[in-house]
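The structure appears right after this line, and notes come after that.
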Amino acid sequence: MPISYRRSGDSVTIGVAMPDEKSWWRDFLGAGAPMSIQLDDKGRTGHAVATRDERGHVEVVLQLDPA
């Protein structure tokens, strides 16, 4: 599933469009949880935390494990 993201070093920020129509990001609320993604044609893992701002926008920030 293609998504929109921004990468800065070992941090990947994923914007969640229409978050009320999706549920996957809720798994990463609070303390977060492990996540795996396909990035640059390679499987990567890390720890992701989701936040929702006062306007309802949701971001999931993934801190990648060392490669």
Side-chain angles (χ1 to χ4, degrees):
M1 167 173 77
I3 58 170
S4 173
Y5 71 91
R6 293 183 317 274
R7 183 173 180 185
S8 178
D10 287 334
S11 180
V12 179
T13 302
I14 303 164
V16 181
M18 299 182 297
D20 292 329
E21 296 180 20
K22 298 176 176 90
S23 61
W24 68 266
W25 61 270
R26 291 174 175 88
D27 295 336
F28 303 99
L29 287 170
M35 176 188 272
S36 60
I37 62 170
Q38 196 73 12
L39 188 63
D40 299 327
D41 293 326
K42 297 177 187 168
R44 297 292 304 268
T45 61
H47 187 83
V49 177
T51 56
R52 185 172 205 156
D53 69 16
E54 64 279 350
R55 291 193 266 170
H57 298 126
V58 174
E59 285 188 340
V60 178
V61 177
L62 170 63
Q63 186 62 43
L64 295 168
D65 293 332

Does the [X] side chain pair with the main chain of [Y], one donor and one acceptor, at a distance under 3.5 Å?
X   : Y   : answer
D40 : K42 : no
Q63 : G46 : no
H47 : A31 : yes

**Message:** Does any part of the side chain of L62, heavy atoms only, come nearer than 4.5 Å to the side chain of R44, both counted from C-beta?
**Reply:**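 The answer is no, as the side chains (C-beta and beyond) never meet within the 4.5 Å cut-off.
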**Request:** Applying side-chain contact (heavy atoms from CB on, under 4.5 Å) between M35 and each of V60, V12, T45, report the one that passes.
**Result:**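 In the set V60, V12, T45, the residue that makes a side-chain contact (heavy atoms from CB on, under 4.5 Å) with M35 is V60.
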Please give me the minimum heavy-atom distance between [X] and [Y], naming the atom from each residue.
X   : Y   : value
V16 : K22 : CG1-CD, 4.1 Å
W25 : A50 : O-CB, 3.5 Å
V61 : S11 : CG1-OG, 3.6 Å
P19 : R52 : CG-NH2, 3.9 Å

**Message:** Please determine whether side-chain contact (heavy atoms from CB on, under 4.5 Å) holds for the pair R7 and L39, giving the CA-CA distance in whole Å, both sets of side-chain angles, and the decisive distance to 0.1 Å.
**Reply:** CA-CA 10 Å; R7 183 173 180 185; L39 188 63; 3.4 Å; yes
**Prompt:** Going hydrophobic residue to hydrophobic residue with side-chain gaps under 4.5 angstrom, can you get from V49 over to W24?
**Reply:**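 V49 does not cluster with W24.
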**Message:** Working to the nearest 0.5 angstrom, can you tell me the gap between R6 CZ and I14 CD1?
**Reply:**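 One gets 10.5 Å once the value is rounded to the nearest 0.5 Å.
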